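Worth saying up front: this structure is predicted, and the values here are computed from it rather than measured. In what follows, every chain begins at residue 1, and chains take the letters A, B, ... in the order their sequences are listed.
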There are 2 protein chains.
Amino acid sequence: MKLDTVKFKRDTPPMTRQNSPHHHGDLRAALIAAGIKILESDGIAGLSLRKIAARVGVSHAAPAHHFKGKNALLVAIAAQGFRTFTALMRAGRENASPDPHDQLAGLCRGYLEFAEKHEALFELIFSTGIKAHADDELRETSTQAYQLLEDTCALFEPSPHHEKSNEIMIWSLVHGYATLRVYNKLMSPDGETVLPFEFILPHLTPREPHAADKN
Amino acid sequence: MKLDTVKFKRDTPPMTRQNSPHHHGDLRAALIAAGIKILESDGIAGLSLRKIAARVGVSHAAPAHHFKGKNALLVAIAAQGFRTFTALMRAGRENASPDPHDQLAGLCRGYLEFAEKHEALFELIFSTGIKAHADDELRETSTQAYQLLEDTCALFEPSPHHEKSNEIMIWSLVHGYATLRVYNKLMSPDGETVLPFEFILPHLTPREPHAADKN
DNA sequence: GCCATATCTTGACACTGTCAAGTTTAACGT
DNA sequence: ACGTTAAACTTGACAGTGTCAAGATATGGC
């Protein structure tokens, strides 16, 4: 399928690009948005720079002026992915009762919701090749996601073994569960809905409210 | 870098291919082996059919006669990956004391060892695009891996919540922890060595040895 | 109004997976 | 022993990929 021959068929009318072959308007953001769309429809394997450029309506080499390479665009997409990831976790937590167990369960619900509804994006942000420490924006957004989890874990007494044991355990648990559910590997494919945290959560003892913990 | 021009530079002497441009001998196995080597050196992104073929010393289209496509070769490589994965888990378990907690900890040690020492292979076997239920060999090998975990979890009393809760919890925990460690995302990059199962394991109660459980 | 510069296009390159057609080798029935 | 058939491999082609170089055009500062 020749993609470059249908160059000027964009999905949105060229509001930003005023009848001129150059200066799209906000090409950088448009590329990220189009990349996410293609990612959600064609998966991570079907994502190519040329396809993104064609969808936005620019030439195949246009993205090079906004991103250092394909990987840089993927990093920007991943950063956006982390933002909606954090938003879903926060929403899940806010829709729960103030009880610490419910708070944590709500956070995990948001986690799983992201993994389910944005499968390709979920795979992207946790894939090799996307080094979180390489890019400033990606480091920022991923840190915020971890921060939210850390805050929620702070509602409980820390483990006597290690101060970060709670975070690591919860994060591993929910991430592993999400991964195995999404990829449907090694688990019964009949769509189990049992959550492992319902088994693990009672073992966590809520912290004494020695201060005004209303975050 | 022109790869096709150095076609006959294979890494092993052509013992199986007796001075003839055809009939390699056991090309299928050689392609899988070469694929794993390239995978471990160049990562999952640097793996191409042509590179594999060049390394074995055959033309770029030779693999097509043994694998339906690139994905089929990846599936075969993944199957082999599952085999060493299971072997490492089994070895970790066999090197532990008969105590159920030690048995499970040994298994998890093997799990993490595989994820660490065979990073790209670990990413491959748990990636989308490799559907475990599509290929017979892959389904077989992945089932064996899960079976070993299930057997080890059977050393403990099942959770009152759900009969498979132990398996799901342990698998999620170790898989999530391995993933986060390998990709080094969202966790302190100072190489923590705290294992979350050391916190989780004491909550599991060993099963009563009502039968001769010496597996 | 002019010019530097950012923005985008066109064209080329090497590399990729996959297909079609040809060539050599091995296997097998007679 | 020999000729036919099928398998194994090669060569060549094609569209698609990321990336670079060079050219065209519009924007914004002077």
**Q** According to a strict under-4.0 Å criterion, is A:S59 in side-chain N/O contact with OP1 or OP2 of C:dT10?
**A** no
**Q** How are the rings of B:F82 and B:F126 set relative to one another: parallel (under 30°), tilted (30 to 60°) or perpendicular (over 60°)?
**A** perpendicular
**Q** Would you call the rings of B:F122 and B:H175 parallel, tilted or perpendicular, where under 30° means parallel and over 60° means perpendicular?
**A** tilted
**Q** Output the rounded distance in Å from CZ (A:R28) to P (C:dA6).
**A**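 After rounding, the reported distance stands at 16 Å.
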**Q** Has B:R139 got more than 12 heavy atoms of other residues, nucleotides or ligands less than 6.0 Å from its CZ?
**A**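 For B:R139, atom CZ is crowded (more than 12 foreign heavy atoms under 6.0 Å).
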**Q** Figure out the CG/C1' separation between B:L27 and C:dT25, and round it to whole Å.
**A**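 Rounded to the whole Å, the gap is 15 Å.
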**Q** Identify, with sequence neighbours excluded, every residue that meets ring-ring contact (aromatic ring centres under 6.0 Å, His included) alongside A:H66.
**A**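 If we apply the ring-ring contact (aromatic ring centres under 6.0 Å, His included) test to A:H66, skipping adjacent residues, there are no hits.
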**Q** Can you check the A:D26 CG to C:dT7 P distance for me, whole Å?
**A** 11 Å
**Q** Rounded to whole angstroms, how far apart are CD1 on B:I38 and C1' on C:dT16?
**A** 14 Å
**Q** A:L47 has an atom CG; how far is it from atom C1' of D:dG18, in whole Å?
**A** 12 Å
**Q** From the list D:dC9, D:dC20, D:dG12, which nucleotide is the closest neighbour of the side chain of B:A62?
**A**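 Of all the options, the side chain of B:A62 is nearest to D:dC9.
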**Q** Please report the distance, rounded to the nearest Å, between CZ in B:F67 and P in D:dC9.
**A**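 After rounding, the gap between these two atoms is 12 Å.
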**Q** Nearest nucleotide by nearest heavy atom, which residue falls closer to the 5' end of DNA chain D, A:G46 or A:K68?
**A** A:G46
**Q** Take the protein atom NZ of B:K51 and the nucleotide atom C1' of D:dT17, then report the distance between them rounded to whole Å.
**A**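 Between C1' of D:dT17 and NZ of B:K51: 15 Å.
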**Q** Under 4.0 Å between a side-chain N or O of A:H66 and OP1 or OP2 of C:dA6?
**A**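 Checking A:H66 against C:dA6: no side-chain N or O falls below 4.0 Å of OP1 or OP2.
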**Q** Taking the side chain of A:A61 as its heavy atoms from C-beta onward, which of D:dC20, D:dT17, D:dT10 lies nearest to it?
**A**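 Nucleotide nearest to A:A61's side chain: D:dC20.
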**Q** Which listed nucleotide (C:dG17, D:dT17, D:dG12) is nearest to the side chain of B:L49?
**A** C:dG17
**Q** Taking side chain as C-beta onward, heavy atoms only, is A:E137 less than 4.5 Å from A:R83?
**A** yes
**Q** Figure out the NE2/P separation between B:H65 and D:dT10, and round it to whole Å.
**A** 9 Å
